[in-house]
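All remarks here apply to the structure that follows.
Note that the numbering runs from 1 along the sequence shown for the chain.
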Amino acid sequence: MTEAKRQGAVPGPDEVIAALRESRRGPVKPKDLARLLDVPQAQYRAFRELLRRLEQGGELYRVKGNRYAIPDKINLVVGTLQITRSGDAFLRPDQPRQKDLFIPAANLASGMDGDRVTARIESRPRGLSAVGRVLKVLDRAHPTIVGTFHRARNLAFVAPLDPRLSRDVLLPGGEAGGAREGDVVVVRIVHFGDRRLNAGGEIERVLGGMEDPGVDVLAILYGHGLKAEFPSEVETAAREAAHRLRTPGERKDHKNLHVFTIDPSDAKDHDDALSVTPAGPGTWEVGVHIADVSHFVEEGSPLDLEAFHRGTSVYLVDQVVPMLPHHLSSDLCSLRKGTDRLAVSLFLRMDEEGRVRGHRFERSWIRCAHALDYDLVQDVLSGQATVDEVTDDALRTLDRLAKALRGKRKDRGSLDFDLPEARVILDAEGAPVDILRRVQMDSHRLIEDFMILANEVVAREAESRGLPIPFRIHEPPAEDRGDELRAFLNSIGHSVPKGKLRPKILQEILSRTEGRPEGPLVSTVVLKSMTRARYDAENLGHFGLASKAYTHFTSPIRRYPDLALHRVVVRSLVQGREPHERWGAPYLDEMTARSSERERIAQKAERDSVELKKVEFMRRHLGSEFDGTISGVTTFGFFVLLDRFFVEGLVHVSALGDDYYVFQPESYTLAGTRTKRRYRLSDRVRIQVARVSKEERRIDFLLVRKLV
């Protein structure tokens, strides 16, 4: 007899899924499944509702005859669509170990980029991704779409600005909603159409012309479903949270400790601060002090629910969309200079070799002596500036310990890609005046090293005690990508043993090729083989950091998983109490899945805002020639990253008129069939800026010549 029968209750989702997975009869009818699970007759209606919810969530699939099955047992895959420039798509499965599924454009039905769908595997071509067809859309990623309004005779339509949404949205009856030709609008989808019929919608909001001030960033906000404003009840709750500063609870007074923040010069929210004091011969006590956001944001409150919904702060090129209202994010919770603030402090006793000899957690009062920026700290470390004697000595000590930590991570195989980022310089009106490569300095690495260490210490401590926390995981490359990476590295003389890929081997290859001609190529290919880091209730390790346990503890102002983790740390590691039962698997599974998804949306929005300003900037350079490096190769051409500006554009294969070019994925090369001319990742070229479209967020280059 099942647990559900003994208690006269409906079985849980796990019991239902386990029963169907173990069934040898194929898909099962609801009544047969109810009998199999000993569901009481009085609970049958509730049981049917459970099946309906599991079907809606994609965990079950209903086939003909009203029978239920587990998707993967009937050759189905559930996952998220990612549309390519060609209009085809790849399905990224929910199950991490499943391989991507290729969905031709003709097989997408009404599926759009970002939709969560169920697809059927239709064929498995040798050496290629399996090919599928969308059967059902489970979750729509785009209830609204941002695009430009156009009218053609009696027909009105909206052309999406997002290049991943390639099909126009029709406006029934030609309704303009007050929009003029070329205006940027928000259109709400009324019906999603199918393979033959475009989606239809209604204009919800007119943002204005693309060249009007601020409209471009508004388009990104609305396009990603981001809200700059908070609901009034959330703003009120944030203001009311101020009284909690007067009731700090039991905590240690460290206001006399020499504490300082290190952040970008324009930072408004300061999550973390550092301190360092001698702790004996060759030993130091480093304090990592993190804003005690959980003290102000009560679990289940309007503030907490809004933060959970947002998941993360979003850093656009000209503004921040915070996870918490400004009254908290840039005031009460921010570790501001000269102001008493509440923190959760992790004190680490360390030796000069970077070994942690002991640690403790405290809820604390702190007062930051300085708000330092990266440039100033770098100048202090290089001997070109000074803050004061105490601060200078502290920075030099922390830098020495950080370098020891970095060396230990390198020894265990941590992969340091030092990824370049764009820094967009704007004028007073928000127009881009330069696009620079953001330089990674020792001052950045100092902060990064201690934040990584704090995250690892918290993760190891929580795991050893069996505490329910959101782990930050990074799985090894998928088997097919790992095989492709191994074949590529072997082909250029870097032997990689068969079997499971290990970060130490890749790190040694990256170190050997650093500064050599093939270095950028190797680094790019290794990076492209990596999976995306995410949050999970289960500790699966962090491949990129070669870490057995990792989490996010250091940014609770701007990341929800950090805030949730702080509640566990305070209750269990500071107060010594058992964690709440409500923090168990169901909550963790929902929270980590949502946080991972919100992080992906934020990254897309941030990237889009930068790309938009790059496009705007490059319009003034139409016709100009620049040198650059091939940074990506695809079937439709190759991308070039310019030397002068940190800007990338496309040389489309159709613009290479001297031959017919074939993409060779194993070597990241476009090869001419007649001339044998080859364009490979990391090759040097000279290009001309040929076309710039702000609406399409696209920069096209013409190849002038290949450089030696």
Handout entry: Aromatic ring proximity, centroids under 6.0 angstrom, Phe701 and Phe639
Key = no
Exercise for the section: Please examine the side chains of Val314 and Val320, heavy atoms only from C-beta on, and report whether any two atoms are closer than 4.5 Å. Expected result: no
Practice task
Step by step, work out the salt bridge (charged side-chain N to carboxylate O under 4.0 Å, His left out) result for Asp442 and Arg445.
Solution key: CA-CA 5 Å; Asp442 282 345; Arg445 296 186 180 96; 3.5 Å; yes
Exercise for the section: Examine His494 together with Phe488 and report whether their ring centres are nearer than 6.0 Å. Expected result: no
Practice task
Check Ile145 against Val169 and note the closest heavy-atom contact, atom names and distance.
Solution key: CD1-CG2, 4.1 Å
Practice task
Flag this pair as yes if the NZ/CZ of Arg680 is under 6.0 angstrom from the six-membered ring centre of Phe638 and inside a 45 degree cone about the axis; otherwise no.
Solution key: no
Problem - Working for side-chain hydrogen bond (donor to acceptor under 3.5 Å, both in side chains), residues Gln664 and Arg678 - result: CA-CA 10 Å; Gln664 298 176 344; Arg678 297 164 64 84; 3.3 Å; yes
Handout entry: Residue pair Met530 / Phe543, side-chain heavy-atom distance below 4.5 Å
Key = yes
Handout entry: Between OG on residue Ser609 and CZ on residue Arg697, distance to nearest 0.5 Å
Key = 9.5 Å
Exercise for the section: State, to 0.1 Å, how close Pro322 and Ser329 come at their nearest heavy-atom pair, and which atoms those are. Expected result: CB-OG, 4.0 Å
Fill in the blank from the handout: All heavy atoms of Lys410 vs all of Ser511, minimum pair found to be CE-OG, 3.6 Å
Exercise for the section: Might you confirm whether atom CD of Gln603 has over 12 heavy atoms from other residues, nucleotides or ligands at distances under 6.0 Å? Expected result: yes
Exercise for the section: Would you name the heavy atoms of Leu415 and Gln507 that are closest together and state the gap between them? Expected result: CD2-N, 3.5 Å
Exercise for the section: With the side chain counted from C-beta on, respond yes when Thr84 and Phe90 share a heavy-atom pair under 4.5 Å apart, and no when they do not. Expected result: yes
Practice task
Report yes if the side chains of Asp683 and Lys706 come closer than 4.5 Å at any heavy-atom pair, otherwise no.
Solution key: yes
Practice task
Report yes if the distance between the aromatic ring centroids of Phe636 and Phe663 is under 6.0 Å, otherwise no.
Solution key: no
Handout entry: Heavy-atom side-chain proximity of Phe646 to Lys614 below 4.5 angstrom
Key = yes
Handout entry: Between CZ on residue Phe260 and CD1 on residue Ile262, distance to nearest 0.5 Å
Key = 5.5 Å
Exercise for the section: Determine whether the aromatic ring centres of His552 and Phe471 lie less than 6.0 Å apart. Expected result: no
Practice task
Salt-bridge test for Lys604 and Asp162: reply yes if a basic N is under 4.0 Å from a carboxylate O, no otherwise.
Solution key: no
Practice task
Return yes when atom CD of Glu666 has more than 12 non-hydrogen atoms of other residues, nucleotides or ligands closer than 6.0 Å, and no otherwise.
Solution key: yes
Completion exercise
The residue among Arg472, Glu456, His474, His542 that forms side-chain hydrogen bond (donor to acceptor under 3.5 Å, both in side chains) with Ser547 is Glu456
Handout entry: Reported CG-to-CD1 distance for the pair Leu563 and Ile557, which is rounded to 0.5 angstrom
Key = 10.5 Å
Completion exercise
Which of Asp643, Val640, Leu707, Leu681 passes side-chain contact (heavy atoms from CB on, under 4.5 Å) with Thr629? It is Asp643
Exercise for the section: Step by step, work out the salt bridge (charged side-chain N to carboxylate O under 4.0 Å, His left out) result for Asp216 and Lys613. Expected result: CA-CA 9 Å; Asp216 51 1; Lys613 292 301 179 183; 3.0 Å; yes
Handout entry: CA sep, side-chain torsions, deciding dist, call: Glu508, Arg412, salt bridge (charged side-chain N to carboxylate O under 4.0 Å, His left out)
Key = CA-CA 10 Å; Glu508 289 172 350; Arg412 76 188 187 198; over 6 Å; no
Exercise for the section: Give a yes or no on whether a salt bridge exists between Arg336 and Asp331, defined as a side-chain N under 4.0 angstrom from a carboxylate O. Expected result: yes
Exercise for the section: Considering non-hydrogen atoms only, spot the tightest contact between Ile435 and Phe617 and give its length. Expected result: CG1-CD2, 3.6 Å
Handout entry: Worked verdict on Asp271 versus Arg558 for side-chain contact (heavy atoms from CB on, under 4.5 Å)
Key = CA-CA 8 Å; Asp271 285 281; Arg558 62 184 180 89; 3.9 Å; yes
Practice task
Look at Arg534 together with Glu475 and state whether they make a salt bridge at an N to O cut-off of under 4.0 Å.
Solution key: yes
Handout entry: Step-by-step side-chain contact (heavy atoms from CB on, under 4.5 Å) determination, Val293 to Leu324
Key = CA-CA 10 Å; Val293 179; Leu324 295 168; 3.7 Å; yes
Problem - Plane angle bin for His621 and Phe645 - parallel if under 30°, tilted between 30 and 60°, otherwise perpendicular - result: tilted
Problem - Short side-chain to backbone donor-acceptor contact, Asp183 and Phe149, under 3.5 Å - result: no
Problem - Asp373 and Leu376, any side-chain heavy atoms less than 4.5 Å apart - result: yes
Practice task
Tell me yes or no: between the side chains of Asp608 and His224, is some donor less than 3.5 Å from an acceptor?
Solution key: yes
Practice task
For Tyr679 and Leu703, run side-chain contact (heavy atoms from CB on, under 4.5 Å): C-alpha distance rounded to whole Å, both residues' side-chain angles, the deciding distance at 0.1 Å, then the answer.
Solution key: CA-CA 11 Å; Tyr679 299 100; Leu703 179 68; 3.2 Å; yes
Completion exercise
For Val615 and Arg698 the tightest heavy-atom approach is CG2-N, 3.7 Å
Problem - Salt-bridge present (Glu611, Lys694; N to O < 4.0 Å) - result: no
Handout entry: Full working for side-chain hydrogen bond (donor to acceptor under 3.5 Å, both in side chains) between His370 and Thr261
Key = CA-CA 7 Å; His370 299 288; Thr261 59; over 6 Å; no
Practice task
Look at atom CZ of Arg600 and say whether more than 12 heavy atoms of other residues, nucleotides or ligands are closer to it than 6.0 Å.
Solution key: yes
Practice task
In sequence, state the C-alpha distance, the side-chain angles, and the governing distance for His142 and Asp115, and then conclude on side-chain hydrogen bond (donor to acceptor under 3.5 Å, both in side chains).
Solution key: CA-CA 8 Å; His142 302 280; Asp115 286 352; 5.5 Å; no
Problem - Euclidean distance, His652 NE2 relative to Arg691 CZ, rounded to 0.5 Å - result: 10.5 Å
Handout entry: Inter-residue atom distance Asp272.CG - Ile290.CD1, 0.5 Å rounding
Key = 5.0 Å
Practice task
Answer yes or no: is there a side-chain heavy-atom contact under 4.5 Å between Arg598 and Arg594?
Solution key: yes
Practice task
Could you tell me the separation between the CG atom of Leu670 and the OH atom of Tyr661, rounded to the nearest 0.5 Å?
Solution key: 8.5 Å
Practice task
Please examine the side chains of Arg423 and Arg437, heavy atoms only from C-beta on, and report whether any two atoms are closer than 4.5 Å.
Solution key: no
Handout entry: Verdict with reasoning, Arg481 to Glu484, per salt bridge (charged side-chain N to carboxylate O under 4.0 Å, His left out)
Key = CA-CA 5 Å; Arg481 292 199 174 191; Glu484 291 171 3; 5.8 Å; no
